[in-house]
Asker: 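First the structure, then my questions, so here it is.
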Amino acid sequence: LRYLQYYYFKVNWEENMTNDLKGKLVQCSSDVKPEQQEYLWKPFLAKGTFGLLAGEAGVGKTTIAIDLAARLTTNANWPDGTINIWTGGALLSASEDSFQKINKHRSHAAKVEHSKLYVVVSSFDPITQTESLIEELKVLVPKRNIEFIIIDPLVDWVKGDLNKAN
């Protein structure tokens, strides 16, 4: 499986499919063409994908995420010394900690380039305003070269009853 992390498999529904699977939601793996995966920090942060930093409350997940954002916005090397070849913006949505009172200080300590860090306002309600935020991000992300999005905690963006499987 370690070798697979270097490839991102993209399904190409139009080419090289067996006739009985055309137009289906399942495809034979021999029909999938591997593509090279770009990394912000190889092999830890794959570009254009979803990553999850998980752990118990209070262990420093937000601080780690802000540190990674600082390295991206300033082009500093990654924690293991790997040369950072990317520079770009970062977006932070952190509802548990006030940006003004806590995360501004964390980001300052991490040496974030604040002209490249964008923050979702504290009054944002993910239940009622997600669609509006997505529309705003469709413009902001490419315009400001945002390469890293932090959603902390992810559970705030989940709709419905979290105690149910649906």
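In what follows, every heavy atom counts, from backbone to side chain, and hydrogens, waters and symmetry copies are set aside. Throughout, numbering of the chain's residues begins at 1 and tracks the sequence.
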Asker: I'd like to know if L133 and L154 are part of one continuous hydrophobic network [Ile/Leu/Val/Met/Phe/Trp/Tyr, side-chain heavy atoms within less than 4.5 Å].
Answerer: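 Yes, because L154 and L133 connect within a single hydrophobic cluster, where side-chain heavy atoms sit under 4.5 Å apart.
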
Asker: side-chain hydrogen bond (donor to acceptor under 3.5 Å, both in side chains) between T87 and K116: does it pass, once the steps are laid out?
Answerer: CA-CA 10 Å; T87 186; K116 295 180 181 178; 3.3 Å; yes

Asker: Which atom names give the shortest non-hydrogen contact between K47 and W86, and what distance separates them?
Answerer: NZ-CZ3, 2.8 Å

Asker: Is a side-chain donor or acceptor of S93 paired with a backbone partner of I151 at a separation under 3.5 angstrom?
Answerer: no

Asker: Looking only at heavy atoms, what is the nearest atom pair of V32 and Q27, with distance?
Answerer: CG2-OE1, 3.8 Å

Asker: Check this for me, if you would: do R106 and D67 make a salt bridge, where the nitrogen-to-carboxylate-oxygen distance has to be below 4.0 angstrom?
Answerer: no

Asker: Heavy atoms only: give me the nearest A90-A69 pair and the separation to one decimal.
Answerer: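 Where A90 meets A69 most closely, the heavy atoms are CB-CB, 3.8 Å.
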
Asker: Is I85 close to Y39 at the side-chain level, that is, under 4.5 Å between some pair of heavy atoms?
Answerer: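 When only atoms from C-beta onward are counted, I85 and Y39 do not touch, as no gap falls below 4.5 Å.
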
Asker: Who passes ring pair (Phe, Tyr, Trp, His ring centres under 6.0 Å) against W78, sequence neighbours left out?
Answerer: W41

Asker: Write down the atom of G88, the atom of E147, and the distance for their closest heavy-atom approach.
Answerer: CA-CG, 4.2 Å

Asker: Tell me whether I134 is reachable from I150 by hopping between hydrophobic residues (I, L, V, M, F, W, Y) whose side-chain heavy atoms are closer than 4.5 Å.
Answerer: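 No, it is not one cluster - the side chains of I150 and I134 are not joined through contacts under 4.5 Å.
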
Asker: I want to check something: taking the side chain as every heavy atom from C-beta on, are S123 and Q129 in contact at a cut-off of under 4.5 Å?
Answerer: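 No. Closest side-chain heavy atoms not under 4.5 Å.
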
Asker: Between CG of L68 and CG of L72, what distance do you get to the nearest 0.5 Å?
Answerer: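 Result: 9.0 Å between the selected atoms.
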
Asker: Please say yes or no: joined through hydrophobic side-chain contacts below 4.5 Å, possibly via intermediate residues, are F124 and V119 part of one cluster?
Answerer: no

Asker: Got a sec, which residues hit side-chain hydrogen bond (donor to acceptor under 3.5 Å, both in side chains) with S132, two or more places apart in sequence or on another chain?
Answerer: none

Asker: Report yes if the side chains of S122 and S98 come closer than 4.5 Å at any heavy-atom pair, otherwise no.
Answerer: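 SC-SC contact between S122 and S98 ruled out.
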
Asker: Rounded to the nearest 0.5 Å, what separation is found between the CD atom of E38 and the CG atom of L45?
Answerer: 13.5 Å

Asker: Looking only at heavy atoms, which two atoms of V112 and A70 are closest? And how far apart?
Answerer: CG2-CB, 3.5 Å

Asker: Looking at CD of E35 and NZ of K33, how far apart are the two atoms once the value is rounded to the nearest 0.5 Å?
Answerer: 9.5 Å

Asker: Do V120 and V139 belong to the same hydrophobic cluster, where Ile, Leu, Val, Met, Phe, Trp and Tyr are linked whenever their side-chain heavy atoms lie under 4.5 Å apart, directly or via other members?
Answerer: no

Asker: Looking at S107 and H114, what are the two nearest heavy atoms and their distance?
Answerer: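 Looking at all heavy atoms of both residues, the shortest contact is OG-CE1, 2.9 Å.
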
Asker: To the nearest 0.5 Å, what is the distance between CD on Q100 and NE2 on H105?
Answerer: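 That separation rounds to 9.5 Å.
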
Asker: So, the side chain of N75 versus the backbone of N84: is there a donor-acceptor pair under 3.5 Å, distance only?
Answerer: yes

Asker: Given the rule that I, L, V, M, F, W and Y join up when any side-chain heavy atoms are under 4.5 Å apart, are L91 and V121 in one cluster?
Answerer: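 Yes.
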
Asker: Would you give the length of the straight line joining atom CG of L140 to atom CD1 of I146, rounded to the nearest 0.5 angstrom?
Answerer: 4.0 Å

